[in-house]
Amino acid sequence: MTVRVRFAPSPTGYLHIGSARTALFNYLYARHTGGKFLLRIEDTDLARSTDESTRSILDGLKWLGFAPDEEIVFQSNNADKHREAARRLLAEGKAYRDFTPKAEPSDANVKDVIKERARQQGAEKNFRDNPYRELSSEESDVRAAAGEPFAIRLKVPDVRTGSDSDRVLKTSFEDGVYGLQERDYAETEDLVLLRSDGHPLYNLAVVCDDIEMQITDVIRGQDHLTNTHKQLLIYKALGVEPPRFAHLPLIMAPNKGKLSKRKHGEVVSMTTYRDAGFVAAAFRNFLALLGWSAGEEKEIYSLDELIKKFTLEGIHRSNAVFNFHEGDPKRWTDDKAIWMNAEYIRTMPLSDLLPLVKNELKANKLWREEYEPDGRALMTSISSTSAQAFESSTEISDRPESIAIDRPRHGSHDWFVQTIDLIRARFFTLKDFSTQGRAYFSEDYDFDPAAVAKNLTKFPDLQEWLPELAARFEAELGDSEAETRPVGSVFFSRETPEAASEQTPALPLTDACCSDRFFESNIETVVKAFTEEKGTKLGVIMNGARTLLTGVAVGPSMLSVFETVGLERTLMRLRSKVAWYS
RNA sequence: GUCCGGUUCGUCUAGGGGUUAGGACACCGCCCUUUCACGGCGGCAACACGGGUUCAAAUCCCGUACCGGAUACCA
């Protein structure tokens, strides 16, 4: 029989990190076994379920790439079938009407109330002492017909009186993760199947739907371990063979307490990671390693590798801590998740990264159609050394010295690809491309005060030197043939970003305006000579220029930055006084 | 209270009778370097406790402690 698994979230909030992992494991199991991955929205709690939550969950799943193989099932649509099942069990004497008036909800914390009540009962409890349990069906019918409200409870075999012929005194099943699980009937209450208002309850709904959907394997959080025993009783009453079960360890907060939406907020929501510039593949990878391992030292797994290696045996029995740092903006989520994301950004194939960067730039109005001419897909036309490293673990060789003929035209597709490959090495999230990397794509970038203080203000001479360096570049590396274009023309004027993106100006720089000689080795010669002449250190000039050219103190080799930014923009930025007064 | 689980560096984990208890993240140091990263090298750091079984226990058994889950006319 082909495997059929389901992910069944209740739409009472966004997609929680723990739920996301449950979805992942279900998905991996389905793919690994060649089965189907289904999605069921458990919206039977009308009071708490919202469409917005459903949307948010769907968004999160979509981002992670877990598309269900069949149409999404909404549990609330099946309420009639659930009621039908309950009535059948009632008719067969496997359930009974409970006329006990519904308890008024207390204003205290529900969990606490329940815990307290359970404590009171202690070991003395007897789940079979409901006065309506043995009520004759005639009397039950009469009272029901009279309009007296009732809930329908499952009649769990009473092993104490021995009135039931059942020889089995406990429910048991072989859990895919936790092994043999047993529970005495005496430990299980006569659970309510149907509320007095006719509303089907969770355990009944789940069993009915799982049967209906022909689920073969239920993979869910460990918090459902005791529900499984209840559900087993329902399966039995319904006369249906139950599926296999596997329960997952829970994901805990740093204090090993419960990871809750209410208490920990955004950090547990999947959409937060999407919006924070996480690469879905990276987060998936991180999630997979939280409570599962293939028993090897490898840590970076592609989806295909995860699918191939995933087994229930690799799942742990102990809970894992999601180790984020509350109140620390730099380490707002688990360090390893951040590292994993950075690792993906700098090593994943460029062809996979480029579309993600495109989205990021687009969202910030930094995208230009020239980066993707003729509607052709963002393909890597240059080989990325690091992308190769992603496939094999061969050593990353140094970028070969630039050769004038091979240099892509600034603003072109090739330039874009090469630039992304250059700057991604020190980025952590996709957001960095539009923030730290902004100066590569726009004239409208800010100057980091710390960078200005450290690299500019500290060396007042630079205010003279840097424009002087610009002149030197122009004289020695500029294209004497080309017409001198006014600095800051068209594309490069410091206009508002809106203006720049709305009118999509023509290609910023033509071949004619790109110096054939403004490349790394030449730049180095000029800068070195200039530095010597001024009797200062190379770092002073380089870091000053870096601050002016990129607005930040962090970046790739300055020689690459010069070349990437291009002669015209370099000249303009070196001459600009904006940074000095920012 | 009762039932059910769990416990290896700060965190994620490998290891399931004989290991200098391995890796990753984080942290620290060194190298590389015009900056910051990346990378390389190195360091810090763990078998919850107590009994057994055994020539030998992180590993098997029992107990204790601690942590977690469940115990609803919630899901």
Side-chain angles (χ1 to χ4, degrees), chain A residues 8-12 42-45 47-49 75 98 100-103 105 110-111 113-125 149-153 178 181-184 186-189 191-197 199 201-203 205-206 221-227 229 247 249-250 252 254 256-258 286 289-300 316-323 325 331 334-340 342 346 386 395-396 425-428 451 454-455 527 531 537-547 552-559:
Chain A
S10 57
T12 55
E42 309 219 312
D43 54 351
T44 55
D45 186 345
R48 289 197 296 154
S49 300
Q75 190 159 66
D98 180 359
T100 311
K102 188 183 179 210
V110 200
K111 275 266 195 245
V113 172
I114 286 152
K115 200 170 174 180
E116 192 44 43
R117 190 201 307 160
R119 193 196 309 284
Q120 306 273 327
Q121 290 176 346
E124 312 292 285
K125 65 169 186 262
F150 60 87
I152 295 182
R153 285 185 184 272
Y178 289 92
Q181 297 293 308
E182 297 183 310
R183 186 175 170 93
D184 289 345
E187 296 293 336
T188 303
E189 61 178 331
L191 60 144
V192 172
L193 303 175
L194 222 55
R195 268 182 358 197
S196 50
D197 63 3
H199 211 84
L201 245 28
Y202 176 75
N203 282 304
V206 166
Q222 189 239 74
D223 49 338
H224 285 293
L225 223 30
T226 50
N227 276 334
H229 291 283
H247 290 86
L250 271 18
M252 316 303 286
K256 298 193 194 294
K258 197 174 176 187
F286 168 76
L289 264 19
L290 217 49
W292 172 84
S293 104
E296 56 188 3
E297 290 185 350
K298 186 176 161 72
E299 303 224 83
I300 304 290
H316 307 147
R317 279 153 288 271
S318 55
N319 296 339
V321 169
F322 182 51
N323 198 26
H325 304 80
R331 304 172 72 190
D334 195 293
D335 286 326
K336 199 149 187 172
I338 295 174
W339 167 79
M340 186 79 77
R346 61 184 170 246
S386 40
E395 266 194 29
I396 297 175
R426 60 214 75 207
F427 284 173
F428 287 83
K454 180 183 163 204
N455 297 331
V527 175
T531 304
K537 281 193 283 195
L538 188 62
V540 174
I541 300 294
M542 290 297 203
N543 291 327
R546 178 189 300 287
T547 306
V552 290
V554 183
S557 151
M558 216 24 227
L559 296 173

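Every chain is numbered from 1 and lettered A, B, ... according to where its sequence line falls, protein lines coming before strand lines.
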A.B. asks: Would you kindly give the CG-to-C1' distance between A/D223 and B/A70, to the nearest whole Å?
C.D. replies: 9 Å

A.B. asks: Distance check needed: B/G23 P versus A/K336 NZ, whole Å only.
C.D. replies: 13 Å

A.B. asks: If I take atom CG in residue A/L289 and atom P in nucleotide B/A14, what distance separates them, rounded to the nearest angstrom?
C.D. replies: 10 Å

A.B. asks: Which is true for A/P149 with a 4.0 Å heavy-atom rule: it touches a base, it touches only sugar-phosphate, or it touches nothing?
C.D. replies: nothing

A.B. asks: Regarding A/K102, tell me which of base, sugar-phosphate or nothing describes its non-hydrogen contacts under 4.0 Å with the strands shown.
C.D. replies: base

A.B. asks: Measure the distance from CH2 on A/W339 to C1' on B/G23 and round it to the nearest whole Å.
C.D. replies: 11 Å

A.B. asks: Mind calculating the distance between CG (A/L191) and P (B/C74) to the nearest angstrom?
C.D. replies: 12 Å

A.B. asks: Could you state the CD-C1' distance from A/E182 to B/C3, rounded to the nearest angstrom?
C.D. replies: 13 Å

A.B. asks: Is the closest side-chain donor-acceptor distance between A/T226 and A/R183 under 3.5 Å?
C.D. replies: no

A.B. asks: Touch check for A/R48, heavy atoms < 4.0 angstrom, all strands: base, sugar-phosphate only, or nothing?
C.D. replies: base

A.B. asks: Which is true for A/G221 with a 4.0 Å heavy-atom rule: it touches a base, it touches only sugar-phosphate, or it touches nothing?
C.D. replies: nothing

A.B. asks: Select base, sugar-phosphate, or nothing to describe what A/P556 touches, counting heavy atoms under 4.0 Å on all strands.
C.D. replies: base

A.B. asks: In whole angstroms, how far is the C1' atom of B/A37 from the CZ atom of A/R546?
C.D. replies: 10 Å

A.B. asks: Regarding A/S49, tell me which of base, sugar-phosphate or nothing describes its non-hydrogen contacts under 4.0 Å with the strands shown.
C.D. replies: nothing

A.B. asks: Which is true for A/S196 with a 4.0 Å heavy-atom rule: it touches a base, it touches only sugar-phosphate, or it touches nothing?
C.D. replies: base

A.B. asks: Under 4.0 Å, heavy atoms only, any strand: does A/E296 hit a base, just the sugar-phosphate, or nothing?
C.D. replies: nothing

A.B. asks: Within the structure shown, what part of the strands sits under 4.0 Å from A/K537 by heavy-atom distance: base, sugar-phosphate, or nothing?
C.D. replies: nothing

A.B. asks: Is A/T547 touching bases, backbone alone, or none of the nucleic acid, heavy atoms closer than 4.0 Å?
C.D. replies: nothing

A.B. asks: Which is true for A/N543 with a 4.0 Å heavy-atom rule: it touches a base, it touches only sugar-phosphate, or it touches nothing?
C.D. replies: base

A.B. asks: Base, sugar-phosphate alone, or nothing: which one does A/M252 contact when heavy atoms must sit under 4.0 Å apart?
C.D. replies: sugar-phosphate

A.B. asks: Whole angstroms only, please: what is the NZ-P distance between A/K125 and B/G1?
C.D. replies: 13 Å

A.B. asks: Check every strand shown and say whether A/N227 touches a base, only sugar-phosphate, or nothing at a heavy-atom separation below 4.0 Å.
C.D. replies: base

A.B. asks: Scan A/Q120 against the nucleic acid and name what it touches under 4.0 Å (heavy atoms): base, sugar-phosphate only, or nothing.
C.D. replies: nothing

